[in-house]
Amino acid sequence: MSEEIKSLNFIEHIIEEDLANGLPKDKLRFRFPPEPNGYLHIGHTKAIGISFGLGERYDAPVNLRFDDTNPAKEEQEYVDAIKRDIAWLGYKWENELYSSDYFQKLYDWAVLMIKDGKAYVDSQSSEVMAKQKGTPTQVGTNSPYRDRSVEENLELFEGMKAGKFPAGTHLLRAKIDMKDPNMLMRDPIMYRIMYAHHHRTGDDWCIYPMYDWTHGESDYLEQISHSLCSLEFKPHRKLYDWFRDNVYEYSKDKFPLPPKQREFARLNLSYTIMSKRKLLRLVEEGIVSGWDDPRMPTISGLRRRGYTPNSIRKFIEKVGVAKRENIIDVSLLEFCIRENLNKTANRVMAVLDPVKVVITNYPKDKEEWLEAENNQEDDSAGFRKVPFSREIYIERDDFKEEARNKYFRLKLGGEVRLKNAYIIKANEVVKDQNGDILEIQCTYDEDTSKKVKGTLHWVSIKHAITAEIREYDRLFMHESPDSDKDKDFMEFLNPNSLTIKTGYLEPSLADVEVGEQFQFQRLGYFNVDNDSTPQKLVFNKTVGLRDSWAKQKPKPQNNENQNKPKPQQQKRSAISVIQQFGKKYTNLPEEKQQKVKSEIQALAKDVAYDDLEPLFCTAVKKSGTRIAVLIALKVLLKNGLEENEAINDFIEKAKEDKNEILVAEASEI
RNA sequence: UGGCCUAUGGUGUAACUGGCUAACACAUCUGUUUUUGGUACAGAAGAGUCUAGGUUCGAAACCUAGUAGGCCAACCA
């Protein structure tokens, strides 16, 4: 292994700096704090990968903490699912913890804060309080209850805890600043009354702490060194620090390390949604079969689809960590799973859209069991036998009566190799009255040493077993379905995200087990679905193979599929070539400059003034581009273009430029 | 009439904290090999780092202003 210099992301830089400034390495501690109100999805995997990845990198403990402060939304089912998913990804947590474990400690601290005049009980309605809060651009006003005496506050807070008041009548608020430009600092709520059964504490409590009060203090109690979360919590940081610093005063002897929160940009995947609420809607409205539907971006969905922990971890590693908004192309995820499965999945043959081939010179009753390599990428994978006989299926797509030379597959009069078997030649087609092909009549040749361009997969009809094959397309037709302000994300649903077919498989697949993964040769990677039984096999298509042939075909796809932007710059207009010359112009030796100049002049003949004008406002420092534009402009002027204000401005500015070449070119006019 | 954050090829992330021709991966396109139009290998194209000023011998990085995008007004997390 060569010494790999891996560049650090900004969080690792922060940690390195803290370490350099004297933070002992053994104080490093991280956490992943999901709320158990839904299933984990690929977006969470980034947060998981960051915190657990840091734990692995620095050999530091990582806690799994369930942020369970809202009993109205949380359930044990989700706790179990979350634990299963994280374990499946291959991460190990140090401690399994719950925010609800800290309810008593939090309460005690809150009492201390009341005693110090840092918190008070408010007794207004939520509407009134909302009004007092102000807006981002308008300061708030103080609550009339803000100056209650310590004694009164204490009595009311104890009453709240004792269940003396109905929900909604009182709240505990931190006394900070109703004029703070950060809305979260305007006397945030610490506790609300809530008569709800909690999945862990039962009915012990009827007041529940809010996120801001709970989260940072839980970090503090666990002595987390770096509390990592996504960008939308950035505004919370000021409050996080305020609560932390106050509580630190009470407990610094016992808990000496004040944690710090840092934020990173969350993961967005193209053509999918990440919001738990929206995913729940897909489940509830029956758009998908459940949280683990193979089209879902949930971890359980990806698992069922055939994604491996390795592929997902690799993906997260490649995606990186930064602070800017991003949309990662699904092709990266697909690359990761292909790369993984290419090494591990055994190759088999399956025909999903069959057309019958009869090998007329092969005896009717004969059958042969031919040897086939399981995986050429893996020497230990071994071999298996596949049956061959007179009648086989190939893909309908793999035959054309006539085709161009670029078509490597079977055509009339043409030869093709059958994978692991013989070379066949197509002689005739039999059609029904509609002109649809019923069978292709071929002859085979036992000499397999011949060189032929195409190799097809196939399956012996007599020996084939059938299976249900589920193929998936993206769930949404829009690159970023939930970012449209006018349209509901449901409007972008792809009506054809699931296709079910009957496939004909080689008989070696008769006794597969749920979860097993294969490469159906030339088609893609498939795994055995949970619904599969020995009587009725069910396969999911995990992902297709890279297909450079499909790209060459014109693709008569339905229109919806075409809204993929794909701004490929294949055509290369004259103006863009000129721009490109411009970029390099000033760096070229003089003789080359002359050459490029004349090329620009030639190209300029094909350039319209309207293309040129926008380039007048090219940045001043891009003098190369300005020179190229000027050269082209001169050609246009010579050919009769009339001068206008924009042109004159551009020329005048060029004359005053620092760059001598530009000045020289400009002066020639 | 606010506060905070962000801006680097089509996409994502780098650039040892101000110093070589702005790097890597995906995507795209060429070749070579191939009993998978897969894999592997080789190569190409694509970015003057949002704009304008400034500081400096030197700026993607620092400063100022602008532009664009995002987040913030739940008794959610």
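Just so you know, these numbers use all the heavy atoms, side chains as well, and skip hydrogens, waters and symmetry mates. Nothing here was measured: the structure is a model prediction, and the numbers come from that model.
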When you check the glycosidic angle of B/rG69, does it come out syn, meaning within 90° of 0, or anti? anti
For B/rU21, is chi within 90° of 0 (syn) or not (anti)? anti
Cation over ring, A/K400 on A/Y407, under 6.0 Å and within 45°? yes
Members of residues 339-351 of chain A that approach RNA chain B, where some heavy atom sits under 4.0 Å away: A/N342, A/R347
Roughly how far apart, to the nearest Å, are B/rC57 and B/rC29 at atom P? 49 Å
Over all atoms of both residues, closest heavy-atom pair of A/I327 and A/S480: CD1-CB, 4.0 Å
Starting from P on B/rG2, measure out to NZ on A/K238 and report it in whole angstrom. 17 Å
Between CD of A/E232 and P of B/rA74 the distance, given in whole Å, is 16 Å
Output field dot_bracket for RNA chain B (Watson-Crick or G-U, both distances under 3.5 Å, | for other-strand pairs) contains .((((((..((((.....[...)))).(((((.......))))).....(((((..]....))))))))))).....
Let me know, please, whether A/F10 or A/N70 comes out on the 5' side of the other along RNA chain B by nearest nucleotide. A/F10
Can you tell me how far apart CG (A/L509) and CE (A/M349) are? Round to the nearest 0.5 Å. 10.5 Å
Donor-acceptor contact below 3.5 Å, side chain A/R186 vs main chain A/T135: yes
Is a donor-acceptor contact shorter than 3.5 angstrom present between the side chain of A/Q519 and the base of B/rU36? yes
Of the listed B/rC76, B/rC72, B/rU34, the closest approach to the A/P136 side chain comes from B/rC72
